[in-house]
Novice: 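To start, I am sharing the structure in question, which I have written as structure tokens.
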Amino acid sequence: MRIGVIGVGVMGSNHARVLTGLPGAELIGVADPDMRQADFVARTLGCAAVASVEQLLDLNVDAVTIAAPTHLHRDIALACIARGVHVMVEKPIASSVEEGREIIAAARRAGLTLMVGHVERFNPAVEAIKEAIRNEDILSIAITRVGPFPPRMSNVGVVIDLAVHDIDLIRWFTDSEIVDVQPQLSSAMAEREDIALLQFRTASGVLAHINTNWLTPFKARSVTVATRGKYIMADLLTRQVTECFGFQPDGSYSMRHLSVGHAEPLRSELLAFLRAVRSGSAAAVTGEEGVASLEIAIRCLASRPATAAASVRQAPRVVAG
Ligand SMILES: NC(=O)c1ccc[n+]([C@@H]2O[C@H](COP(=O)([O-])OP(=O)(O)OC[C@H]3O[C@@H](n4cnc5c(N)ncnc54)[C@H](O)[C@@H]3O)[C@@H](O)[C@H]2O)c1
């Protein structure tokens, strides 16, 4: 399969690197208006560098991955679909639910594969959690995803950039849609929200909580899931997943580390995309799922109180003496 990558910044250059090593795939070229960056990636990986999407499509690619800034996803995806090219688009699927739906409709009309890059689903620690909670009665989920400010600020805040990963995980773990949203947002340093504490209830009755911010000096990603029979704790970075089970009336219980694979999540994700293109079967993360997660993220922002601007934190008062 002849593949191209559109946008080779932080994420797209990883797509390009991983695609060069995938069986049955040939990285034909990368497109980025920043030609220095496109040339650098293309020279390193041995493919063509072009400045525009149209030039990449002229190289007769069968499929592309789109890792350009989110506000361009819709236009770029529609241009590729119009030329009969299968699309994997980075998360979030688009800037708005309407734009996401336009991409879905175009791909469906053209009979092309559309997949959304919710790569965390392919994290082996996340896969181990999903397996551990199979057939369990899930009660609550708590996810922490914190870290420092990104080196280049885009025009989105922490909810659309980070929490959308976890909204997708909550929907996927529970196989249920989020029906209630209770967001608390604040802007400590940035213009947009840089701290978010989000609470949800799913249609199946699960309570879920996301704690995310850009104000932590190191990256941390953790997930805990309480079910009627188990308590699961996972570190998505070290990939250590532990479950407590066999709760006894005297308070004792058993504990074990779960076996977790080593695969690179992006490689697994791109392999899943190639499989969906080849087989014509549904993508592992469909456009509809990408839109559903984006819709919840946008609801979190929309329910921000009118006084949000006033919620920009003041500097702490100096304590005298
Ligand atoms: N799945 C994840 O974990 C993850 C992580 C980071 C970013 N992302 C997503 O990937 C996308 C890109 O984010 P990033 O952090 O790599 O951004 P980035 O700014 O590092 O890279 C974007 C690249 O797109 C290029 N670009 C701009 N206009 C273009 C156009 N018209 N055609 C082609 N390329 C164009 C830019 O020159 C830049 O090189 C965003 O949608 C973001 O949400 C996903």
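Both counts, for ligands and for their atoms, begin at 1 and track the order of listing. Treat the numbers as computed from the prediction; the structure is a model and nothing was measured. Excluded from the calculations below are hydrogen atoms, water molecules and symmetry mates; all remaining heavy atoms, backbone and side chain alike, are included. Numbers for residues simply follow the sequence, beginning at 1.
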Novice: Can you check which of Ala51, Ala67, Ser95, Ser13 brings a heavy atom nearest to atom 13 (O) of ligand 1?
Specialist: Ala67

Novice: Closer than 4.0 angstrom: is that true for some heavy atom of Pro92 and an atom of ligand 1?
Specialist: yes

Novice: With a 3.5 Å cut-off and no angle check, do the side chains of Asp58 and Gln55 form a donor-acceptor pair?
Specialist: no

Novice: Show which atoms of ligand 1 fall inside a sub-4.0 Å distance from at least one heavy-atom site of His73.
Specialist: 41 (O)

Novice: Does a donor on one side chain and an acceptor on the other come within less than 3.5 Å for Glu90 and His15?
Specialist: yes

Novice: Which pairs count as salt bridge (Lys or Arg N to Asp or Glu O under 4.0 Å) when at least one residue sits in residues 264-280, sequence neighbours excluded?
Specialist: Arg17-Glu264

Novice: Enumerate the atoms of ligand 1 whose separation from the nearest heavy atom of Asp34 is less than 4.0 angstrom.
Specialist: 37 (O)

Novice: Heavy-atom contact under 4.0 Å between His165 and ligand 1?
Specialist: yes

Novice: Look at atom 44 (C) of ligand 1 and say which protein heavy atom is nearest, naming residue and atom and giving the distance to 0.1 Å.
Specialist: Glu90 OE1, 3.1 Å

Novice: Relative to atom 21 (O) of ligand 1, which among Ala94, Gly12, Gly9, Pro150 owns the nearest non-hydrogen atom?
Specialist: Gly9

Novice: Do me a favour and list the nearest non-hydrogen protein atom to atom 24 (O) of ligand 1 with residue, atom name and distance?
Specialist: Pro69 CD, 3.4 Å

Novice: Identify the two heavy atoms, one from Ala297 and one from Val159, that lie closest to each other, and give their separation to 0.1 Å.
Specialist: O-CG1, 3.6 Å

Novice: Suppose I only count heavy atoms of Val119 and a 4.0 Å limit; which atoms of ligand 1 are within that range?
Specialist: 1 (N), 3 (O)

Novice: Supply the atom-to-atom distance Ile28 CD1 to Arg2 CZ, rounded to the nearest 0.5 angstrom.
Specialist: 3.5 Å

Novice: Without hydrogens or angle criteria, can the side chains of Ser293 and Arg171 be said to hold a donor-acceptor pair below 3.5 Å?
Specialist: yes

Novice: First locate atom CD1 of Ile143, then atom CG of Asn211, and finally report the distance between them rounded to the nearest 0.5 Å.
Specialist: 11.0 Å

Novice: Which of these, Asp32, Asp75, Leu56, has its nearest heavy atom closest to atom 37 (O) of ligand 1?
Specialist: Asp32

Novice: Considering heavy atoms of the protein only, find what lies nearest to atom 4 (C) of ligand 1 and give residue, atom and distance to 0.1 Å.
Specialist: Met11 SD, 3.6 Å

Novice: Could you list which atoms of ligand 1 come closer than 4.0 Å to a heavy atom of Gly117?
Specialist: 1 (N)

Novice: What protein heavy atom lies closest to atom 11 (C) of ligand 1? Include the residue and the distance to one decimal.
Specialist: Ala68 O, 3.4 Å

Novice: For the CD atom of Glu99 and the CG atom of Leu72, what is their distance to the nearest 0.5 Å?
Specialist: 9.5 Å

Novice: Does any donor atom in the side chain of Ser176 or Thr174 lie under 3.5 Å from an acceptor atom in the other side chain?
Specialist: no

Novice: Return the closest protein heavy atom for atom 42 (C) of ligand 1 as residue, atom name and distance.
Specialist: Lys91 O, 3.6 Å

Novice: Identify the protein heavy atom lying closest to atom 15 (O) of ligand 1, giving its residue, its atom name and the separation to 0.1 Å.
Specialist: Val10 CB, 4.0 Å

Novice: Below 3.5 Å, N or O to N or O, backbone or side chain included: is there any such pair between Ile6 and ligand 1?
Specialist: no

Novice: Return a yes/no value: protein heavy atom under 4.0 Å from atom 17 (O) of ligand 1?
Specialist: no

Novice: Just verifying a value: how many Å separate Ile66 CD1 and Asp75 CG, rounded to the nearest 0.5 Å?
Specialist: 10.0 Å

Novice: Considering only heavy atoms, which of Gly7, Pro33, Ala31 lies nearest to atom 29 (C) of ligand 1?
Specialist: Pro33

Novice: Identify the heavy atoms of Cys300 and Phe200 that sit nearest to each other, and give their distance.
Specialist: SG-CE2, 3.7 Å

Novice: Give the single entry among Val8, Thr70, Val5, Leu72 that approaches atom 31 (N) of ligand 1 most closely by any heavy atom.
Specialist: Leu72

Novice: Mind checking whether Asp161 has an N or O less than 3.5 Å away from an N or O of ligand 1?
Specialist: no

Novice: As an exercise, state the distance from OG of Ser96 to NE2 of His71, rounded to the nearest 0.5 Å.
Specialist: 13.0 Å

